[in-house]
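The structure presented is a predicted model; accordingly, all values stated were derived computationally and were not measured. Naming convention: chains lettered A, B, ... in sequence-line order (proteins, then strands); numbering from 1 in each chain.
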There are 2 protein chains.
Amino acid sequence: MAKKTAVKSPKGPMTRSKRSASTLSKEVIVAAALDMIDHEGLESFSIRRLAKTLGVFPTAVTWYLASRREILAEVVELVTSDLSPARFYESWQEYLRLVFRKFRSAIRLHPHMAQLIGTHLIANPTVDLEFVERMLSALSYAGFRGDKLVAAYNTAIVSMVGFATQEFGPIPVEETDKWRDDIRGRLKSVTPQSFPTLAQHMSLLQNKAFIVRWQNGTEAPLDASFEFFIETVIGGLEAMLALR
Amino acid sequence: MAKKTAVKSPKGPMTRSKRSASTLSKEVIVAAALDMIDHEGLESFSIRRLAKTLGVFPTAVTWYLASRREILAEVVELVTSDLSPARFYESWQEYLRLVFRKFRSAIRLHPHMAQLIGTHLIANPTVDLEFVERMLSALSYAGFRGDKLVAAYNTAIVSMVGFATQEFGPIPVEETDKWRDDIRGRLKSVTPQSFPTLAQHMSLLQNKAFIVRWQNGTEAPLDASFEFFIETVIGGLEAMLALR
DNA sequence: ACCTGAACACCGTTCAAGT
DNA sequence: ACCTGAACACCGTTCAAGT
């Protein structure tokens, strides 16, 4: 939301034109960082550029958050906060559907965070334990006990995170046209002789399936596959329950 | 995923035995990069440090691979090459089991690559189409047709990649002790009143479940959960087949 | 407590210039 | 073709020093 208010000045950020609007704070820094990442990507995010947009010196930022990693951890927390469904749900299956969809919506809003969240949510000390409790409670209600509950929980978390972060994960950006032509060229080399199944379904697969796509979820969302995925996980858990 | 054909020097058998153990080449650079990442992590990998270990100037490296991204793309390809099971398999279920386990083994060998592969494999132009063909063929043999085949394929790929990359994804390293104490302290605050299900299963969950762990798969592998996950995906796909 | 300001040891990448 | 070498525009982080 914070637009670039930095004044171009050869001497650096000496003018804080709107100090009333936003005095520096942890929240302001994290929000500005997320905004920068959303607009310019994760790689071009830097403390120095962030400080410039905030109209302060880089070291002013590090007074609140000591390192780049700390800033990014806070941004991850911001994006993944409030994942538990607010709506009423009447079954554990419906709960899983809502949570999975809610997580995907969060990633869809901040696709550049996908690669970070894909691996770091899972090790984030700031994650809401209330979320963990609800997931466990839903699966316990489903009938999982002991070690099976642990395995079902890990299965649910990994599935929730995995699909969305891979769907919205980055596509090579620098020379998109060249890259897209590359993959399209390779796909044209697919013949019924070389890759029969792939060739047969090429029109259905291209740009709608992992590995043989040239856009990510932002431009080419995989809605149908995502819903199929949810039902697969739920159906699989039901099958695991039926085993004993 | 593309097969790596052994590269022989076109200049004959002149062996540079001394100081530079091998003359510079794309393969040598990529192998050295992977080695450096395996030993020191992804973040501390840099072209300049890589060049130093190779005994050349940084720009010598960029003659073969023009940018840092290009190097990392090649490393991803190296790590994820040869994923298709070599062994005979007698059912599509068994094929999925073998592929999932093989992928996890590859990530386990190179855990620092997990975060990169988690999002980038899925958009890698160098990926072996033979792998795609085999996965499609297995799912087609299972009985999936048309759009369902696409969805089942996406489900399988995402599942294969998601579990392993999250299991072996990075844990904050700089102040591991402090961080571990943090999460342990938070877990101690869990009471039957605040988080009943979590509290009840705490001994089973801690360090063996996502979010409430303080080590990653390298130190605390989730073998049981992984096998449960595989069977969940397979059982779920079977259930989706039974729908019509 | 909060921020400026300079400094340090790095980066990736570009552009010669050599051979 | 392959590599040296210098240079550029950046980094994150540390350490004062101000207020």
*Asks:* What's the shortest heavy-atom distance between B:Val99 and B:Met135, and which atoms?
*Replies:* CG1-CE, 4.2 Å

*Asks:* Measure the distance from NZ on B:Lys52 to P on C:dA9 and round it to the nearest whole Å.
*Replies:* 13 Å

*Asks:* Do B:Thr59 side-chain and D:dG5 base share a donor-acceptor contact under 3.5 Å?
*Replies:* yes

*Asks:* Contact class for A:Arg48 vs. all strands (heavy atom < 4.0 Å): base, sugar-phosphate, or nothing?
*Replies:* base

*Asks:* Indicate whether OP1 or OP2 belonging to D:dC3 is found under 4.0 Å from a side-chain N or O atom of B:Tyr64.
*Replies:* yes

*Asks:* Mind calculating the distance between CG (B:Leu54) and C1' (D:dC2) to the nearest angstrom?
*Replies:* 15 Å

*Asks:* Could you work out which one of D:dC11, C:dT14, C:dT4 sits closest to the side chain of A:Phe57?
*Replies:* C:dT4

*Asks:* To the nearest Å, give me how far apart CZ (B:Phe45) and C1' (C:dG12) are.
*Replies:* 11 Å

*Asks:* Given atom CD1 of B:Ile71 and atom C1' of C:dT13, what is their separation to the nearest angstrom?
*Replies:* 12 Å

*Asks:* Send over the distance from A:Leu50 CG to C:dC3 P, rounded to a whole Å.
*Replies:* 13 Å

*Asks:* Classify the angle between the aromatic ring planes of A:Phe210 and A:Phe163 as parallel (below 30°), tilted (30 to 60°) or perpendicular (above 60°).
*Replies:* perpendicular

*Asks:* Could you give the CD-to-P distance, from A:Glu40 to D:dC11, as a whole number of Å?
*Replies:* 11 Å

*Asks:* How long is the line joining NZ of B:Lys26 and C1' of D:dC3, in whole Å?
*Replies:* 19 Å

*Asks:* B:Thr62 and B:Thr59: side-chain donor and acceptor closer than 3.5 Å?
*Replies:* no

*Asks:* Which of these nucleotides, C:dG12, C:dT13, D:dT13, is closest to any side-chain atom of A:Arg68?
*Replies:* D:dT13

*Asks:* Identify whether the distance between the nearest side-chain nitrogen and carboxylate oxygen of A:Arg104 and A:Asp223 falls below 4.0 Å.
*Replies:* yes

*Asks:* What do you reckon, is NZ of A:Lys102 surrounded by more than 12 foreign heavy atoms closer than 6.0 Å?
*Replies:* yes

*Asks:* For D:dA16, give the paired nucleotide (Watson-Crick: N1-N3 plus N6-O4 or O6-N4; G-U: N1-O2 and O6-N3; both under 3.5 Å), or none.
*Replies:* C:dT4

*Asks:* From C:dC11, C:dG12, D:dC3, pick the nucleotide closest to the side chain of B:Ala60?
*Replies:* D:dC3

*Asks:* Report the distance from atom CH2 of A:Trp63 to atom C1' of C:dC2, rounded to the nearest whole Å.
*Replies:* 6 Å

